[in-house]
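Presented below is the structure to which this report refers.
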Amino acid sequence: RKEVEQDPGPFNVPEGATVAFNCTYSNSASQSFFWYRQDCRKEPKLLMSVYSSGNEDGRFTAQLNRASQYISLLIRDSKLSDSATYLCVVNQVMRSNYQLIWGAGTKLIIKP
Amino acid sequence: EAGVVQSPRYKIIEKKQPVAFWCNPISGHNTLYWYRQNLGQGPELLIRYENEEAVDDSQLPKDRFSAERLKGVDSTLKIQPAELGDSAVYLCASSLGGAVYQETQYFGPGTRLLVL
């Protein structure tokens with residue numbers, strides 16, 4: 001089993017719809033979590049950090065479920081510009097150091 | 001404010017040749033990361049520096065890859081000799097290096113390497 005898993009998609013969603021995808025992680029010692037967005041042939045950019053209580057930023061909501069070991073990203077009222085690959089990152093503590101593990105990403109395509 | 005700068009942006013070489021990538025992080029960022037990203041995959045961490053110290057190089061193929069971060073600012077990643085499987089995008093990122101668990105990484109545009 002991979003340490004961080006994501007459905008590769010693509011998720012084809014009509015403009016204005018709500019879409020959600022998950023990212024599962026295997027290490028229960030994971031401490032912090034992030035969602036990054038990566039446009040085609042561009043570098044990843046931070047979308048949101050994921051806090052224990054969940055957090056919202058405009059149309060985007062991120063949640064953490066420690067019991068089931070996954071994080072989720074919900075996008076409401078999707079826009080054409082939301083088309084991108086969404087990468088989750090899990091920061092797990094190992095001994096006195098930490099490791100950043102990236103998922104392979106979920107591709108989202110918003111259709112007009 | 002300038003972002004993370006990488007050069008070159010593209011590089012085409014023949015196998016067995018050496019290649020080097022350069023990264024200049026955001027000013028004041030103590031942590032620097034080198035990643036490799038293959039098509040359809042997430043970034044794979046090669047090495048992470050805290051100032052001049054390489055604190056995580058567990059995924060760096062040390063037989064052919066080397067990296068340095070002299071003076072804790074710029075960094076260079078080298079491959080010698082390159083193999084066909086090294087074709088990928090090499091991304092450099094930096095972060096402040098303060099709160100260990102909540103670090104936002106800022107990425108450069110990457111270097112696209114093609115090994116023929």
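In what follows, every chain begins at residue 1, and chains take the letters A, B, ... in the order their sequences are listed.
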For chain A, which residues from residues 36-57 of chain B lie under 4.5 Å away (heavy-atom distances)? B:Gln37, B:Gly40, B:Gln41, B:Gly42, B:Pro43, B:Arg48, B:Glu50, B:Val55, B:Asp56

Under 4.5 Å, heavy atom to heavy atom, which residues of residues 108-116 of chain B contact chain A? B:Gly108, B:Pro109, B:Arg112

Atom group of A:Gln38 that falls short of 4.5 Å from chain B, counting heavy atoms: side chain

Where do B:Gln105 and A:Leu100 land on the side-chain contact (heavy atoms from CB on, under 4.5 Å) test, with the steps shown first? CA-CA 11 Å; B:Gln105 297 177 67; A:Leu100 292 161; 3.4 Å; yes

Would a hydrophobic clustering, with Ile, Leu, Val, Met, Phe, Trp and Tyr connected at side-chain separations under 4.5 Å, put A:Val90 with A:Leu64? yes

Turns out that what part of B:Tyr106 lies under 4.5 Å from chain A's heavy atoms comes down to neither

Please name the pair of heavy atoms, one in A:Arg41 and one in B:Tyr10, separated by the smallest distance, quoted to 0.1 Å. NH2-CE2, 4.5 Å

Hey, any chance A:Met48 and A:Tyr25 share a hydrophobic cluster, counting ILVMFWY side chains that come within less than 4.5 Å of each other, even indirectly? yes

Can you name the residues that form a ring pair (Phe, Tyr, Trp, His ring centres under 6.0 Å) with A:Tyr70, not counting sequence neighbours? none

Let me check something: do B:Phe21 and B:Tyr35 share a hydrophobic cluster, defined by ILVMFWY side-chain heavy atoms less than 4.5 Å apart, either directly or through other members? no

Determine whether A:Val50 and A:Leu74 fall in the same hydrophobic cluster, where Ile, Leu, Val, Met, Phe, Trp and Tyr are linked whenever their side-chain heavy atoms lie under 4.5 Å apart. no

Hydrophobic cluster membership, with links at side-chain heavy-atom distances under 4.5 Å among I/L/V/M/F/W/Y: are B:Ile26 and B:Leu32 in one? no

Can the ring centroids of B:Phe107 and A:Trp102 be said to lie less than 6.0 angstrom from one another? yes

Name, in order of residue number, those residues of residues 58-92 of chain B that have a heavy atom at a distance of less than 4.5 Å from a heavy atom in chain A; otherwise write 'none'. B:Ser58, B:Leu91

